[in-house]
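Indexing begins at 1, ligand by ligand and atom by atom, following the structure's order.
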Amino acid sequence: MERKRVAILISGRGSNMAALIDAAANPDYPAEIALVVSNRPDAAGLARAQAAGIATLVIDHRPFGRDRAAFEHALDSELTARQIDLVCLAGFMRLFTAWFVSRWQGRMINIHPALLPAFKGLGTHERALAAGVKLHGASIHFVIPEMDSGPIIVQAAVPVLDDDTPETLAARVLAAEHRIYPLALRWLAEGRLTVVDGRCKVAGAAAHADTLISP
Ligand code: GRF
């Protein structure tokens, strides 16, 4: 099977990007990481990608000012020129217009550090602690114009412990993120995902066993 060409979009550290790069290093993985794009020139993830031999690109959003469409056209041109099939958002801190989302509809996924639809937006770990939830986690979902929404592909839950701080909880969730993102990209690249009435189904009996609760 032809491997899908994937671009990962980052803004910072890039640990989820690294998890995807590691997974795709296996020749049996159905996707190759063809490009890492950052909207921030100082994103630490860029060096990690380069060290792994992945092509990187900075498209700084700042010169575009408030013109989100111009930024997105520049990004879209690069993705198209490099024959990118799929886009993974991994800590990418920009919202997209409906135009860009529709261009990549069904081909662009995001990771969010919470069990959606709970705790959309920033500061998820602080808010989970403040709410007193006993389970927290991470979600991978298709991107739609509404932020941190869209059909959920896979989730992983982790326990919230009595002595957790936002930092300890974030670390537990991050470990779960690194497990589910490669899984979701595999399913997408294999063409196993279908969305009906906002619900994402995964073809293949083993899929649901991978919705995880981890210690
Ligand atoms: C992750 O927690 C991700 O879920 C969120 O931003 C963080 C990015 O971390 N969207 P990293 O850059 O992947 O290390």
Please report which non-hydrogen protein atom sits nearest to [atom], along with the residue it belongs to and the distance in Å to one decimal place.
atom	value
atom 5 (C) of ligand 1	Pro113 CD, 3.9 Å
atom 11 (P) of ligand 1	Ser15 N, 3.4 Å
atom 1 (C) of ligand 1	Glu177 OE1, 3.1 Å
atom 10 (N) of ligand 1	Ile111 O, 3.3 Å
atom 12 (O) of ligand 1	Gly14 N, 2.8 Å
atom 9 (O) of ligand 1	Arg13 NH2, 3.0 Å

**Request:** Could you tell me whether Asp76 and Arg103 make a salt bridge, using a distance below 4.0 angstrom between a side-chain N and a carboxylate O?
**Result:** yes
**Prompt:** Quick one: which ligand 1 atoms are inside 4.0 Å of a heavy atom on Gly91?
**Reply:** 6 (O), 8 (C), 10 (N)
**Prompt:** Within less than 4.0 angstrom of ligand 1, does Ile10 place any heavy atom?
**Reply:**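 Distance cut 4.0 Å: Ile10 fails for ligand 1.
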**Close approach of Gly45 to ligand 1, heavy atoms, under 4.0 angstrom** = no
**Asked** Do Ile153 and Leu193 have side-chain heavy atoms sitting under 4.5 Å apart?
**Response**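 In contact.
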**Prompt:** Do the non-hydrogen side-chain atoms of Ile84 and Val6 ever get within less than 4.5 Å of each other?
**Reply:** no
**Message:** Whether the side chain of Arg5 engages the backbone of Ala34 through a donor-acceptor N/O pair (distance < 3.5 Å, no angle test) should be reported.
**Reply:**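 Not confirmed, Arg5 side chain does not pair with Ala34 backbone.
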**Item:** Inter- and intrachain pairs under salt bridge (charged side-chain N to carboxylate O under 4.0 Å, His left out), touching residues 141-157, at least two apart
**Value:**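 Passing the test, one end in residues 141-157: Lys120-Glu146.
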**Item:** Derivation of the salt bridge (Lys or Arg N to Asp or Glu O under 4.0 Å) call for Asp197 and Arg199
**Value:** CA-CA 6 Å; Asp197 293 337; Arg199 292 176 68 186; over 6 Å; no
**Message:** Within this structure, what is the NE2-CG distance for the pair His141 and Asn110, rounded to the nearest 0.5 Å?
**Reply:**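 Between His141 NE2 and Asn110 CG, I get 4.0 Å after rounding to 0.5 Å.
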